[in-house]
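Just below is one structure, and these are the notes that go with it.
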Amino acid sequence: MVLAGGLARFGPAAGAAVPLLRRLWQRTPRSCERPSYLRALDAIDPGVAVPLLVESLWDGEPDARHHAVRRAPGGGRLAVRLAELRGSRLESAELRADAARRLAG
């Protein structure tokens, strides 16, 4: 997790790490690591991160859902999912507020 955060600070210059980060995302035995991989991939190569951001709107990890609420691309079912998250009592107040802001445009 620390390594992913360090790579994220390099942004696109860390592009060679993208395949490794994707493998870690797909095969990590601990879901708590996914948010750091997601943030790193989004910082290094946002295009590669797009499908992971969309998937993360349903992730079991609150930090992954929250990052996805802030960064997932528009279109598709985004508005529907943001509305679900905005109204969910299970989500943090901050995540609900961010979902509401995205919906408001």
Side-chain angles (χ1 to χ4, degrees):
M1 293 189 306
V2 174
L3 178 61
L7 289 168
R9 287 191 292 276
F10 285 102
V18 167
L20 172 62
L21 289 167
R22 287 188 71 190
R23 277 194 305 278
L24 290 170
W25 164 271
Q26 294 167 343
R27 297 182 182 143
T28 184
R30 296 178 32 189
S31 64
C32 65
E33 296 170 351
R34 278 195 312 271
S36 61
Y37 302 144
L38 178 66
R39 286 189 296 272
L41 284 164
D42 192 27
I44 295 166
D45 190 338
V48 167
V50 165
L52 302 179
L53 288 165
V54 172
E55 179 181 337
S56 293
L57 289 165
W58 287 269
D59 198 277
E61 288 296 320
D63 288 344
R65 286 192 309 277
H66 201 172
H67 186 76
V69 162
R70 292 177 179 156
R71 299 279 302 149
R77 294 195 46 212
L78 179 65
V80 171
R81 183 59 179 152
L82 288 174
E84 291 170 353
L85 292 168
R86 176 191 61 195
S88 175
R89 294 182 191 183
L90 300 175
E91 299 297 344
S92 70
E94 185 180 8
L95 187 144
R96 290 191 316 264
D98 282 348
R101 276 191 285 281
R102 285 286 311 268
L103 282 168

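- In the hydrophobic cluster analysis, where Ile, Leu, Val, Met, Phe, Trp and Tyr join through side-chain heavy atoms closer than 4.5 angstrom, Val50 is grouped apart from Leu41.
- Two residues are said to be in side-chain contact when any heavy atoms from C-beta on lie closer than 4.5 Å; Arg81 and Leu85 meet this criterion.
- Annotation for Gly60 and Arg34: closest pair N-NH2, 4.1 Å, computed over non-hydrogen atoms.
- Residues Leu24 and Glu33 fail the side-chain proximity criterion, which asks for heavy atoms closer than 4.5 Å.
- Remark: of the listed residues Arg65, His67, Arg70, Arg70 is the sole one forming a side-chain hydrogen bond (donor to acceptor under 3.5 Å, both in side chains) with Asp98.
- Contact between Ala72 and Leu53 at its shortest, heavy atoms only, is CA-CB, 4.0 Å.
- Here the closest non-hydrogen pair linking Ala40 and Ala8 is CA-CB, 3.7 Å.
- Between Ile44 and Gly11 the shortest heavy-atom distance is CG1-O, 3.4 Å.
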>> The test is side-chain contact (heavy atoms from CB on, under 4.5 Å); show your working for Val18 and Arg22 and say whether it passes.
In response: CA-CA 6 Å; Val18 167; Arg22 287 188 71 190; 4.1 Å; yes
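- Considering only heavy atoms from C-beta on, Leu78 stays 4.5 Å or farther from Pro73 through its side chain.
- Under a hydrophobic-cluster definition in which Ile, Leu, Val, Met, Phe, Trp and Tyr are linked whenever side-chain heavy atoms come within less than 4.5 Å, directly or via other members, Phe10 and Leu3 are assigned to different clusters.
- Taking all atoms of both residues into account, the shortest heavy-atom contact from Ala79 to Leu103 is O-CD2, 3.5 Å.
- The CG atom of Leu21 sits 10.5 Å away from atom CG of Leu52, with the distance rounded to the nearest 0.5 Å.
- For the atom pair CZ of Arg71 and CZ of Arg102, the computed distance is 9.0 Å after rounding to the nearest 0.5 Å.
- Between Leu7 and Ala14, the closest heavy-atom pair is O-CB, 3.7 Å.
- Using a distance-only test at 3.5 Å, with no hydrogens or angles considered, no donor-acceptor pair links the side chain of Ser88 to the main chain of Glu84.
- In this structure, CH2 on Trp25 lies 3.0 Å from OG on Ser56, to the nearest 0.5 angstrom.
- The pair Arg39-Asp42 fails the salt-bridge criterion, with no side-chain N (NZ, NE, NH1 or NH2) lying under 4.0 Å from an Asp/Glu carboxylate O.
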